[in-house]
*Asks:* 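Structure in structure tokens, see below.
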Amino acid sequence: MTDKPFIHEDFLLQSQTARELYHNHAAGLPIIDYHCHLDPSEIASDHKFRSITELWLGCDHYKWRAMRANGISEEFITGHADDWDKFEKWAQTMPYCMRNPLYHWTHLELKTAFGIDKILCPETAREIFDECNEKLQSPEYSARQFMLRYNVETVCTTDDPIDSLQYHRKIKESGFKVKVLPTWRPDMAMAVENPKAYTEYLEKLEAVSGVSINCFDDIVNALLVRHKYFEQAGCRLSDHGMEEFYADDFTPRELDEIFRKVTGGTALTDAETRKFKSAMLLEFGKMDADSGFAQQFHYSVIRNQNSKMFSLIGKDTGFDSMTQVHTAKAMNRYFDRLNSMDKLTKTIVYNLNPADFEVLATTLANFQDGITPGKMQLGAGWWFLDQKNGMEQQMNALSSQGLLSRFVGMLTDSRSFVSYARHEYFRRILCNLIGADVESGELPASQMKRIGQMIEDISYYNAKSYFKF
């Protein structure tokens with residue numbers, strides 16, 4: 001046994017080589033968080049958190065799921081219990097989270113954000129709650145200060161085409177050291193499953209674009225106006241959240257008929273929905289290519305599956321799961337359409353089902369262009385996979401079917417200002433993985449200079465070059 005704290009300088013680093021790689025090549029590099037869900041208004045206002053409960057439990061469905069699994073009442077999760085009572089219930093859950101990534105994340109965040117080495121449990125809950133809350137009252141623990149403490153260089157938020165981006169402008173005008181850029185996320189422009197909601201969305205799109213929308217091409221033209229607006233605001237990436245890829249055949253006449261049907265309030269057939277999404281996804285790919293955006297796709301998730309809880313507390317509250325979709329043919333066809341038009345831009349695809357890692361890696365390899373290093377990227381372990389096992393699976397699949405050395409690395413995909421600890425978590429796992437290969441003789445110890453550069457590239461430099469930040 002050791003007297004070291006749980007989170008110590010060599011946490012997860014199981015060999016001397018891993019420790020050398022992490023401490024000499026990864027630990028000190030800045031963070032580029034190219035995909036997150038931070039609220040830009042909180043960065044603009046330099047939000048002060050009333051308590052650790054707001055910071056930790058306010059919007060974290062990972063923790064909510066664990067608490068429900070531990071038999072905690074919803075009153076202490078998304079309900080109206082006070083901050084201490086909610087935190088106490090989270091502390092009661094923590095000992096049961098061993099081997100869940102939340103156990104690592106929680107203690108990494110306590111260490112890196114607050115300098116706390118204690119293990120969270122019912123016995124330590126009050127002192128940790130009080131110590132964190134005392135620190136949160138000081139200016140050094142605001143939203144912006146957390147970003148600076150974690151050495152964040154660039155952040156890309158996730159924003160709808162109708163967003164004014166006013167907070168991004170305010171952040172830039174304030175002279176804040178961290179670059180905060182918008183990301184084009186046009187999911188609502190494809191969401192034709194609900195005719196009423198979609199028609200209301202088009203009305204808002206009309207208003208902000210100044211384009212009257214009377215047919216499918218008008219939707220595209222209105223979105224083009226907003227796409228250019230995002231580009232002028234510094235946007236470098238798009239992002240799409242989808243259950244699967246769409247590449248059905250369609251005609252202009254069919255698209256206009258579908259437009260008239262959905263805006264007339266009539267539900268579409270599955271075939272009509274797929275045609276519409278296929279056409280829209282193709283237009284988005286062309287827009288991104290013309291503007292030089294990198295495009296991201298997050299697929300294989302089904303959301304809000306607990307209808308009872310959806311009716312009680314709404315969407316995005318922790319009732320989602322990975323799904324199984326046979327999307328390889330559609331994905332290949334989609335990329336091939338864009339490639340045949342010379343409109344296939346840099347692309348990152350994230351799978352939620354681990355069974356898809358090799359399928360996806362081999363698909364993306366079909367469209368590397370021999371010009372742009374790492375143009376087609378197998379995205380980092382996402383959502384249910386952004387933990388040790390998932391990260392290693394992703395990196396092993398990429399290593400087997402592509403070039404791990406060209407990987408653009410980790411992102412938080414989070415709404416929390418302390419989730420930057422996930423970058424450290426990833427870097428430690430990366431260094432341990434590569435270190436083990438050196439120690440076993442599967443990589444040559446004589447090439448440590450090149451291996452060290454590989455670690456630096458994956459941790460920071462690849463993303464900086466790929467996105468041109």
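For clarity, every value in this text was computed on a predicted model and none was experimentally measured.
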*Asks:* Any sub-3.5 Å donor-acceptor pair from Trp64's side-chain atoms to Leu57's backbone N or O?
*Replies:* yes
*Asks:* Measuring from Gln393:CD to Glu358:CD, what's the distance to the nearest 0.5 Å?
*Replies:* 8.0 Å
*Asks:* Do side-chain atoms of Asn100 reach the backbone of Leu102 as a donor and acceptor pair under 3.5 angstrom?
*Replies:* yes
*Asks:* Before you tell me yes or no, could you show the steps for Phe146 and Phe49 under side-chain contact (heavy atoms from CB on, under 4.5 Å), namely the whole-Å CA-CA distance, both residues' side-chain angles and the distance that decides it to 0.1 Å?
*Replies:* CA-CA 11 Å; Phe146 277 124; Phe49 300 92; 4.1 Å; yes
*Asks:* Distance only, no hydrogens: is a donor on one side chain within 3.5 Å (strictly under) of an acceptor on the other, for Glu392 and Asn396?
*Replies:* no
*Asks:* Does any donor atom in the side chain of Asp316 or His61 lie under 3.5 Å from an acceptor atom in the other side chain?
*Replies:* no
*Asks:* Indicate the atoms forming the closest heavy-atom contact of Pro95 with Met98, along with that distance.
*Replies:* O-CG, 3.7 Å
*Asks:* Please find the pair of heavy atoms, one from Glu231 and one from Ser291, that lie closest to each other, and give the distance.
*Replies:*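 Smallest heavy-atom distance, with atoms named: OE1-OG, 3.0 Å.
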*Asks:* Check for a donor-acceptor pair, side chain of Asn432 on one end and backbone N or O of Gln14 on the other, with a separation under 3.5 Å.
*Replies:*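 Such a contact is found between Asn432 side chain and Gln14 backbone.
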*Asks:* Taking OH in Tyr96 as the centre, count heavy atoms belonging to other residues, nucleotides or ligands within less than 6.0 Å. Is the count above 12?
*Replies:* no
*Asks:* Would you say the side-chain atoms of Asp386 pair up with the backbone N or O of Met391, donor to acceptor, closer than 3.5 Å?
*Replies:* no
*Asks:* Check for a donor-acceptor pair, side chain of Ser15 on one end and backbone N or O of Ala18 on the other, with a separation under 3.5 Å.
*Replies:*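 Yes; judged by distance alone, with no hydrogens or angles, the pair exists.
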*Asks:* A cation-pi test, strictly: NZ or CZ of Arg185 under 6.0 Å from the centre of the six-membered ring of Phe297 and no more than 45 degrees from its axis. Yes or no?
*Replies:* no
*Asks:* For the CG atom of Leu404 and the OG atom of Ser399, what is their distance to the nearest 0.5 Å?
*Replies:* 4.0 Å
*Asks:* Any chance you could lay out the side-chain contact (heavy atoms from CB on, under 4.5 Å) test for Met376 and Leu344, step after step, and finish with the verdict?
*Replies:* CA-CA 10 Å; Met376 307 296 288; Leu344 182 57; 4.0 Å; yes
*Asks:* Using the six-membered ring wherever Trp is involved, compare the ring planes of Phe467 and Tyr34 and label them parallel, tilted or perpendicular (cut-offs 30° and 60°).
*Replies:* tilted
*Asks:* Could you go through the side-chain contact (heavy atoms from CB on, under 4.5 Å) check for His37 and Asp413 one step at a time?
*Replies:* CA-CA 6 Å; His37 295 277; Asp413 189 32; 3.0 Å; yes
*Asks:* Please say whether more than 12 non-hydrogen atoms of neighbouring residues, nucleotides or ligands are located less than 6.0 Å from NZ in Lys172.
*Replies:* no
*Asks:* Does a side chain donor of either Asp239 or Thr183 reach within less than 3.5 Å of an acceptor in the other side chain?
*Replies:* no
*Asks:* Taking all non-hydrogen atoms of both residues into account, name the closest pair between Cys156 and Leu237 and its distance.
*Replies:*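 Distance-wise, the nearest heavy atoms are SG-CD1, 3.6 Å.
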*Asks:* If the threshold is 4.0 Å, N to carboxylate O, is there a salt bridge linking Glu283 and Lys286?
*Replies:* yes
*Asks:* State whether Glu424 and Arg428 are salt-bridged, where the test is any N-O pair (Lys NZ or Arg NE/NH1/NH2 against Asp/Glu carboxylate O) under 4.0 Å.
*Replies:*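 Salt bridge present between Glu424 and Arg428.
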*Asks:* Inspect the contact between Arg303 and Glu243 and indicate whether a charged nitrogen and a carboxylate oxygen are less than 4.0 angstrom apart.
*Replies:* no
*Asks:* For the residue pair His168 / Asp163, report whether a side-chain donor-acceptor contact shorter than 3.5 Å exists.
*Replies:* no
*Asks:* Report yes if the distance between the aromatic ring centroids of Phe335 and Phe245 is under 6.0 Å, otherwise no.
*Replies:* yes
*Asks:* Going by the rule side-chain contact (heavy atoms from CB on, under 4.5 Å), which residues pair with Ser459 if we only count those two or more places apart in sequence or in a different chain?
*Replies:* Ala26, Leu29, Arg427, Leu430, Ile455
*Asks:* Kindly indicate whether a cation-pi arrangement holds for Arg149 with Tyr141, taking the cut-offs as under 6.0 Å to the six-membered ring centre and within 45° of the axis.
*Replies:*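 Ring-cation test returns yes.
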*Asks:* Classify the side-chain pair Asp46/Ser142 by whether it contains a donor and acceptor separated by less than 3.5 Å.
*Replies:*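 Per modelled atom types, Asp46 and Ser142 side chains form a pair under 3.5 Å.
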*Asks:* Would you check if the side chain of Tyr167 reaches a backbone N or O of Asp39 as a donor-acceptor pair within less than 3.5 Å?
*Replies:* no
*Asks:* Would you please indicate if the ring centroids of His227 and Phe284 are separated by under 6.0 Å?
*Replies:*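 Between Phe284 and His227, which both carry aromatic rings, the centre distance is not below 6.0 Å.
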*Asks:* State whether a side-chain donor-acceptor pair under 3.5 Å links Tyr350 with Gln296.
*Replies:*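 Their side chains do contain a donor-acceptor pair, which is all the 3.5 Å distance test asks for.
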*Asks:* Checking side-chain polar atoms at under 3.5 Å, does Arg337 have a donor or acceptor matched by the opposite partner on Ser278?
*Replies:*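 The criterion, which ignores hydrogens and geometry beyond distance, is not satisfied for Ser278 and Arg337.
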*Asks:* Does the side chain of His240 come under 3.5 Å of the side chain of Asp187 through a donor N or O and an acceptor N or O?
*Replies:*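 Per modelled atom types, His240 and Asp187 side chains form no pair under 3.5 Å.
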*Asks:* Working note: Ser51 + Asp83, criterion side chain to side chain donor-acceptor pair (under 3.5 Å); need CA distance, chi angles, decisive distance, verdict.
*Replies:* CA-CA 7 Å; Ser51 73; Asp83 282 0; 2.7 Å; yes
*Asks:* Would Leu181 and Cys235 satisfy side-chain contact (heavy atoms from CB on, under 4.5 Å), going step by step from the backbone distance to the final call?
*Replies:* CA-CA 6 Å; Leu181 303 176; Cys235 181; over 6 Å; no
*Asks:* We want to know whether Thr347 and Gln295 form a side-chain donor-acceptor pair, criterion being a heavy-atom distance below 3.5 angstrom.
*Replies:* yes
*Asks:* Output yes when Glu9 and Lys4 qualify as a salt bridge under the 4.0 Å nitrogen-oxygen rule, no when they do not.
*Replies:*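 Looking at Glu9 and Lys4, the cut-off is not met.
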*Asks:* Does Glu127, at its CD atom, have more than 12 non-hydrogen atoms belonging to other residues, nucleotides or ligands within less than 6.0 Å?
*Replies:* yes
*Asks:* Has the side chain of Ser419 got a donor or acceptor atom that lies under 3.5 Å from a matching backbone atom of Arg415?
*Replies:* no
*Asks:* Going by atom types only, do Asp356 and Tyr299 share a side-chain donor-acceptor pair under 3.5 Å?
*Replies:*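 On atom types as modelled, these side chains qualify, holding a pair under 3.5 Å.
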*Asks:* Does His107 use its side chain to pair, donor to acceptor, with the backbone of Tyr103 at less than 3.5 Å?
*Replies:*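 At least one qualifying donor-acceptor pair exists.
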*Asks:* Quick check on Phe129: does its CZ atom have over 12 non-hydrogen neighbours (other residues, nucleotides or ligands) under 6.0 Å away?
*Replies:*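 It does: Phe129 CZ has more than 12 such atoms within range.
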*Asks:* Check whether any side-chain N or O of Lys277 sits under 3.5 Å from a backbone N or O of Met190 as a donor-acceptor pair, and report yes or no.
*Replies:*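 Checking the backbone N and O of Met190 against the side chain of Lys277, a donor-acceptor pair under 3.5 Å is found.
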*Asks:* Can Lys86 and Glu75 be counted as an ion pair, charged N to O under 4.0 angstrom?
*Replies:* no
*Asks:* Verify side chain to side chain donor-acceptor pair (under 3.5 Å) between Glu109 and His104, making sure each step is shown before the conclusion.
*Replies:* CA-CA 9 Å; Glu109 290 172 9; His104 285 172; over 6 Å; no
*Asks:* Answer yes or no: is there a donor N or O on one side and an acceptor on the other, between the side chain of Lys468 and the main chain of Tyr466, under 3.5 Å?
*Replies:* no
*Asks:* Does either side chain, that of Asp288 or that of Thr345, offer a donor lying less than 3.5 Å from an acceptor on the other one?
*Replies:* no
